[in-house]
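Below is one structure, written out as structure tokens; the observations come after it.
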Amino acid sequence: MGTLDRLLRDRLAPAFAAVAGRPADPSLRRSQHADFQADGALALARALGRNPRDIAAEVVQRARLADLCKTVEIAGAGFINLTVADDAVAALLADMGRDERLGVKAAEVPETVVIDYSAPNVAKEMHVGHLPSTVIGDAAARLLDWLGHRVVKANHLGDWGTPFGMLIEHLLDIGEAEAAHELSLGDLNAFYRAARSKFDADEAFKERARNRVVALQGGDERTIRLWRLLVDESEKYFLAVYERLDVCLTEKDFFGESFYNDMLVPVVGELDRLGLLRESDGAQVVFPAGFTNRDGNPLPLIVRKSDGGFGYGATDLAAIRYRTRELHATRLLYVIGLPQRQHLEMVFEVAREAGWLSPPARAQHVGFGSVLGPDGKIFRSRSGETVKLADLVDEAVARATTLIEEKNPDLDEATKANVARMVGVGAIKYADLSSDRTRDHVFDWARMLSFDGNTAPYLQYARARILSIFRRGGVTPVRDLARITVTEPAERALAIELLAFEGVVTEVAESLDFHKLAGYLHQVATAFTAFYENCPVLRAEGEVRESRLALSDLTARVLGRGLGLLGIGAPDRM
RNA sequence: GCGCUCGUAGCUCAGUGGAUAGAGCAGGGGUCUUCUAAGCCCAGGGUCGCAGGUUCGAAUCCUGCCGAGCGCACCA
């Protein structure tokens with residue numbers, strides 16, 4: 001879990017091993033009966049043929065805990081209840097306070113991590129469906145970067161394929177200048193729909209579009225230039241949305257499908273040489289082990305379609321091969337919706353069989369559920385269309401502005417605008433990050449913008465309140481106290497919570513279950529408000545005042561850093 | 001049919017095989033001459049979908065049902 005947790009575990013583990021005669025899990029966890037409890041003795045009872053309380057007693061006798069624990073008691077069937085010594089808490093907190101990184105060390109062995117996320121389609125609007133991928137991927141990028149890994153953000157832009165025939169022809173119809181104008185306004189859907197409806201209605205147009213696809217794939221110079229125009233304008237628009245969303249994707253992070261075009265022939269060739277390639281119904285496919293279709297027959301991953309074109313399977317394989325071979329990535333993250341699970345698993349399996357994804361390199365599908373509307377169905381606007389991401393951000397900021405005007409009319413315009421942006425955007429992001437990403441979740445303005453509960457505004461407010469204490473008192477908390485003493489129960493509870501930060505961050509870096517970090521931050525904020533209610537800070541004196549200021553400061557920093565890792569800003573006043 | 005993700009308070013969600021299953025919202029009752037009441041406190045509210053099994057101990061692991069959503073070859 002964290003610094004304190006790990007220390008206790010390190011002391012208990014050898015004692016358990018000595019008693020069991022082999023390594024045994026102390027099974028340490030937070031407890032309602034003490035600060036921590038170790039339940040390992042119960043699990044060992046049967047294997048050792050001994051009474052669990054006797055085992056616990058022997059463990060307690062062998063474990064070196066005197067300097068860390070005030071009391072160590074055996075309770076119930078054989079639980080070891082540990083109450084941490086105030087001195088130990090004081091010293092650990094002081095260490096944490098001095099540390100710019102709040103006790104979280106940078107990775108000893110930095111990995112190259114490629115994070116595949118966001119992935120909008122050229123000439124198509126970004127909508128709510130892109131939100132989870134963009135938000136979760138961005139949090140992953142920030143977290144892993146902070147932990148010292150080399151992060152490659154791969155925005156797998158949909159910039160290639162048959163739709164570009166009709167898009168380019170439509171562009172020619174309306175003229176380059178007009179097209180650039182429409183696209184730069186962000187009216188991507190109108191552009192796409194216009195092209196689509198002509199394609200569906202007009203045979204001549206359809207024919208032109210088809211020929212244009214051939215020209216595009218053949219590398220025709222003029223066609224490529226027009227295609228590039230579409231891509232460039234769309235990228236500009238996406239970057240504007242990212243900017244508004246406070247997402248750290250930049251123009252350097254676009255690795256669209258077309259990026260892998262030159263690798264497709266070699267990839268398929270290599271699959272062939274490896275003996276993995278099969279022909280099936282005119283298409284070239286690979287049958288990865290362990291996948292069957294509805295008839296129980298082997299399920300193919302199509303790499304080359306019967307018309308000679310490459311399928312997305314080929315692109316995905318080329319991307320893996322490029323990422324492991326050229327970028328030397330050892331961790332590949334795919335922040336993509338759960339429905340694509342099977343496809344990804346198949347791609348991973350083929351990549352493994354081809355030797356492009358072998359240990360220590362590993363691929364991880366960071367899947368997520370759907371965003372639902374109040375009716376429990378896929379979130380759409382009232383008119384039944386998908387909701388533009390840009391509009392969503394506008395509405396969030398507008399709603400946040402109204403709230404702030406109500407609650408703190410004294411803020412000046414500039415501060416208000418800044419706060420509204422952080423609160424509005426933070427609320428949207430936090431909604432995607434605070435619940436188990438594998439489950440669908442309901443999009444609810446009222447709940448995500450509430451100042452109560454597990455929401456971004458609540459955490460932002462908790463932090464702003466702390467900074468307000470410092471402003472009010474005209475103090476700057478010192479960060480190099482020799483000890484941060486805690487005595488009151490509410491202080492202890494907050495302190496122990498703060499010491500768990502490192503463990504939560506470490507765990508989430510692996511699992512990418514950001515709701516655990518979110519839940520942790522909410523617990524910290526809750527623990528702080530209890531502390532704040534019960535323990536005067538500015539009105540305290542001497543060492544107690546210094547310690548409480550330091551504790552408050554540490555809380556603000558944990559909240560600020562935690563929110564920052566989630567990609568959420570925190571205003572100093574609100 | 002096979003596979004994946006699920007089923008926990010009225011609602012939205014937590015819950016690493018451990019002691020009495022927790023938050024928030026909504027509803028009820030309190031609480032500001034005192035560091036931001038945008039807060040806090042108290043009480044109520046549960047056959048953890050159902051049935052078996054493993055275990056000293058199961059919301060958690062296994063099996064089978066029921067129910068929901070998604071996927072299962074040339075769109076990504």
Side-chain angles (χ1 to χ4, degrees), chain A residues 1 27-29 31-33 37 39 42-43 45-46 52 75-79 81 119 121 156 158 160-163 257 280-285 290-297 299-307 309-313 315-316 336-343 345-346 367-370 372 376-378 403-404 406-408 431 434-436 438-442 444 446-448 450-455 457-458 460-462 464-473 507 511 515-516 518-519 522-523 526 529-530 532-540 548 552 573-574:
Chain A
M1 199 185 292
S27 185
L28 189 74
R29 69 202 67 233
S31 174
Q32 36 188 325
H33 306 283
Q37 64 184 60
D39 305 338
L42 289 92
R46 169 169 288 255
F79 303 101
N81 288 343
N121 292 310
H156 200 81
W160 200 254
T162 46
E257 290 162 8
S280 175
D281 293 346
Q284 291 180 296
V285 307
F291 294 88
T292 52
N293 66 11
R294 70 187 76 206
D295 303 319
N297 297 319
L299 189 62
L301 181 74
I302 294 174
V303 292
R304 192 150 201 182
K305 300 184 282 186
S306 51
D307 67 1
F310 293 96
Y312 50 90
T315 311
D316 290 337
I336 296 175
L338 247 15
Q340 290 191 50
R341 175 117 194 175
Q342 188 181 41
H343 167 69
E345 292 295 341
M346 288 173 72
F368 52 85
S370 307
L372 306 178
K377 297 187 175 160
I378 299 293
L403 277 176
I404 287 150
E406 267 171 31
K407 296 183 170 176
N408 195 349
S434 58
S435 68
D436 184 343
T438 60
R439 292 175 38 145
D440 296 348
H441 69 273
V442 175
D444 182 338
R447 201 170 60 250
M448 69 175 75
S450 168
F451 284 83
D452 300 299
N454 190 10
T455 68
Y458 176 82
Q460 290 166 325
Y461 176 64
R465 269 171 110 184
I466 296 170
L467 300 192
S468 160
I469 296 172
F470 304 149
R471 272 197 303 274
R472 173 65 68 103
E507 189 201 328
S511 70
H515 73 286
K516 289 181 179 161
H522 181 244
Q523 273 179 42
T526 303
T529 49
Y532 183 73
E533 291 290 321
N534 295 297
C535 306
V537 178
L538 293 176
R539 291 197 305 271
R548 288 184 179 170
S552 303
R573 66 174 73 213
M574 58 192 287

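A note on names: the letters A, B, ... follow the listed sequences, proteins ahead of strands, and every chain is numbered from 1. Because the structure is predicted, anything quoted here is derived from the model rather than measured.
A:F310 pairs by the side chain to side chain contact (heavy atoms under 4.5 Å, CB included) definition with A:L264, A:V265, A:V268, A:R304, A:A314, not counting sequence neighbours. For A:R573, the side chain to side chain contact (heavy atoms under 4.5 Å, CB included) partners two or more places apart in sequence, or in a different chain, are A:L411, A:T415, A:R471. A:N297 pairs by the side-chain hydrogen bond (donor to acceptor under 3.5 Å, both in side chains) definition with nothing, not counting sequence neighbours. Shown here are the side-chain hydrogen bond (donor to acceptor under 3.5 Å, both in side chains) partners of A:Q284, two or more places apart in sequence or in another chain: there are none. Scored by the side chain to side chain contact (heavy atoms under 4.5 Å, CB included) test, A:S280 finds A:V285, A:F287 as partners (sequence neighbours excluded).
Each of B:U16, B:U5, B:A23 was ranked by its minimum atom distance to the side chain of A:H522; first place goes to B:A23.
Between the base of B:A19 and the side chain of A:Q37 there is a donor-acceptor pair shorter than 3.5 Å.
Pairs of Watson-Crick or G-U wobble type, with distances under 3.5 Å, assemble into runs of 3 or more in RNA chain B at these ranges: B:1-7 with B:66-72, B:10-13 with B:22-25, B:28-31 with B:39-42, B:49-53 with B:61-65.
The closest side-chain heavy-atom distance from A:H343 to A:I336 is not below 4.5 Å.
Residue side chain A:F79 fails the stacking definition with respect to B:G18, as its ring centre and the base's six-membered ring centre are not both under 5.5 angstrom apart and under 30 degrees in plane angle.
Here B:G69 presents its P atom at 19 Å from NE2 of A:H441, a figure rounded to the nearest Å. Nucleotide B:A14 holds its C1' atom 9 Å from the CZ atom of A:R439, rounded to whole Å. Distance CD1 (A:I469) to C1' (B:U34): 14 Å, rounded to an integer number of Å.
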